[in-house]
Amino acid sequence: MSGLLSIRDLSVRLPRGADRSHALIGVSLDLAPNEILCLVGESGSGKSLTAAAIMGLLPGPQVFAEKGAILFEGRDLLRLSEAEMRAIRGARIGMIFQEPMTALNPVLPVGRQIEEVLEEHTAMTRAERVGRVLALLEEVRIPDPASAARAHPHELSGGQRQRAMIAMALALNPRLLIADEPTTALDVTTQKHILGLIRELQRSHGTGVLFITHDFGVVAEIADRVAVMQHGRVVEQGAAEQVLNRPSHPYTRALIAAVPTLAHSPRGRDFPCAPVLAVRNLSKTYRAAGLFARRRTVHAVKDVSFDLHRGETLGIVGESGSGKSTVARCLVRLLDPDGGSMVVDGLDMAALSRARLRREARRVQMVFQDPFASLNPRRTAGDLVAQGPMLHGVPREEAQARAAELFRLVGLDPAAMSRLPHEFSGGQRQRIGLARALAMRPTVLVADEPVSALDVSVQAQVLRLLRDLRDRLSLSIVFITHDLRVAAELCDRIAVMHEGEIVEHGPTAEVFAAPRHDYTRTLMDSIPGRTWTPPALEPA
Amino acid sequence: MAAFRRYLRSPAPVLGLVLLMAVIAMALCADLVFPRDPLALAGRPLQWPGTNPRFWLGTDGSGRDIAAQIFHGARVSLLIGVVATAIAIALGIAIGAVAGFYGGGVDTVLMRVTEAFQTLPNFILLLVLVAVFGSDIVTVTVSIGAVSWPAPARLTRAEVLSLRNREFVLACRTLGMGDLRLILGEILPNALPPVIVYASVVMAVAILLESALAFLGLSDPNVASWGNLIGTGRTVIRSEWYVSAIPGVAILVTVLAVSLVGQGLNDALNPRLKERT
């Protein structure tokens, strides 16, 4: 095979005291020109370190390539001097990162930053460089390239920034493009455009692309071939169609089985009784109050109304800035709504005073997104769960006993109650967060993106737990998510939010089968890999 | 425990700890070694160290035993250092926590007051306080504490600001926790490590401030402090320089010990730095 990039038996050492001795063990990969190879794996699998090894950017003297070779256009990158690597980086190998805001220099105009690449590697004159920058920005289809070139990174949207990064990476027409989770920080509709752009540019330039991702939907969308990594090893490698639909390695099978499917939506159920939560005309406006600055008002939430019945799960889906998190925070009164009512069991939570609210806190409880930030690092897991009931007058022993019971309920060992949060994994911490909310015996549970920071296999476990608990305890859940696959998996009904308003609202199956609103249709169209249905796999 | 082991790993903090222990030991055994009043006349004035086996560090201009004053002075310096630091840190944490947690108008007022204090050199402010309220040891200590709180206040405020919107604090808020418990139970324990480290700086400065006051003759003349000894040695500094130099070395060693311990604490309590070097 006339490979563009060929990694042979690469092992990368980790410093002593790390959780394993090697970050990569005997990794072999092949990438042909004009091909997209997706490197998939969960966090800690070594996929980003593979990219760093190719670029010669392994961190520090303690993390180094112990053996193996990285052949790029016939030369072993591991044997090159730093000066030779510099000539290759940027010119022959381009790279795009997950977060364009931090990958771009905030104090330089975007055009100037692209120009720097040209200045470093070519003998072009100033005028030629400026012309080339405009041509590049045009090629990545940034609206109004001339003004985008003059703009600073913060003046562009996330998608535009990522386009600028791609323009920079492609400035010198590299043979190899490494894309490290380039769409993970973007909204689905933007993601769709960026994926399309990468595919199109790769076709027209014949570039080889090493595309790192954790998302099988994205893989289905863009990959020619797929390599699956686990604990620093490549466990399976092959054509996209084969790996996605007929995976052979048990780990790949487990990963794909964990991907939520769009095809089956939960049963539409009837809820005849009165709603436990009735939200009417909820509004929240942010005012940027400056003494001299022009006053800006942002209508984060406009006239949002919905009902939630006992035992029901309502999914609120939308992109960033749609106001879905503002709704969640208003529901638990972390934010004070400007108007409207939120009636829980006959009590309007929106009208309560601070002191009264503290007493009624148990009615609505929240599960947070970030499993690392949402637990006080200095309290034991047991205390975290027992804390809430104790605040409301439950004696310590009883609260601890209830906590132990909840630990069993969410699938944790009560013996672990004396441990501190950092001794738990991300999925386990999210279970603690759930136990903490359930300890209050809430009428309504608000879950704000509870699985989006988790790896796909852990995500599947937490979703299964949520569904199981909902059915056993008749929980009423408001589930906030940006991920339509997750929403389809769990929710009975879905409300789609866009620019602060609910644009569509109905049973999940109906919304997915026949979206009525234009925006909902766009959203459905943007789900990565929507044409791919994960095969029904028996766990091997 | 892990933090303590990290502390013991590098030599400088260990040296600091040993020196600090030595100073504390001096303060503790002062009454045993020198049971007499250190400010009482002991012998012929201005005897050089080593010339009289009774006074191994010599005598000062009034014929008082320098060694006795050094030992008893360790008590005064440490006491002033600890008490003034406690006052400064307590004030600083209270003001910083309230400003950081409530934000808005409260924050603006408190921070403007803090800035007002910071724009005045704190030694000048200290001179004013001592001039107005007198210079007995209690007033001096309280005054030193009262001029040293702005920096810890700003530090606490910055930490509280970054913590108050963390998800774990929000989570406690949704459980119905009151503000006082949120601040004391959830935020402060996480905000304190850098403030505790900074306390060592405050303590070193407090000891220096007292010495500076005493050197100018404005500290309490009825206690055997190192600064007083330097002050009395000032008049004979050209011929009998040891009178000022010996307490000067004592101050140097104590301040060095406190700062080394502070640095060691910083490295031990700040896990982000632990893998460097």
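Every chain is numbered from 1, with letters handed out A, B, ... down the list of sequences.
- With a 4.5 angstrom heavy-atom cutoff, A:R379 touches chain B only via side-chain atoms.
- Note on B:R166, B:M177, B:R181: by heavy-atom pairs under 4.5 Å with chain A, the leading option is B:M177.
- For the set A:A355, A:A437, A:G433, A:A373, the entry with the most heavy-atom pairs within less than 4.5 Å of chain B is A:A373.
- For A:L391 against B:G176, the heavy-atom pair with the smallest separation is CD1-C, 4.3 Å.
- Rounded to the nearest 0.5 Å, atoms CD (A:Q387) and CG (B:L175) are 6.0 Å apart.
- The neighbour count for A:F372 CZ, taken as heavy atoms of other residues, nucleotides or ligands under 6.0 Å away, is above 12.
- For chain B, the nearby parts of A:R436 are the backbone and the side chain; heavy atoms of each come within less than 4.5 Å.
- Nearest heavy atoms, A:L334 versus B:R173: CD2-CD, 3.5 Å.
- Atom CG of B:L192 and atom CZ of A:R378 lie 8.0 Å apart (nearest 0.5 Å).
- In terms of non-hydrogen atom pairs under 4.5 Å with chain B, the most contact-rich of A:R333, A:Q369, A:R362, A:M366 is A:Q369.
- Closest heavy-atom contact between A:P377 and B:N190: CG-OD1, 3.3 Å.
- Of the atoms belonging to A:L375, it is backbone heavy atoms, and not side-chain ones, that fall under 4.5 Å from chain B.
- Rounding to the nearest 0.5 angstrom, the gap separating the CG atom in A:N376 from the CD atom in B:E186 is 4.5 Å.
- Within a 6.0 Å radius of CZ in A:R441, no more than 12 heavy atoms belonging to other residues, nucleotides or ligands are found.
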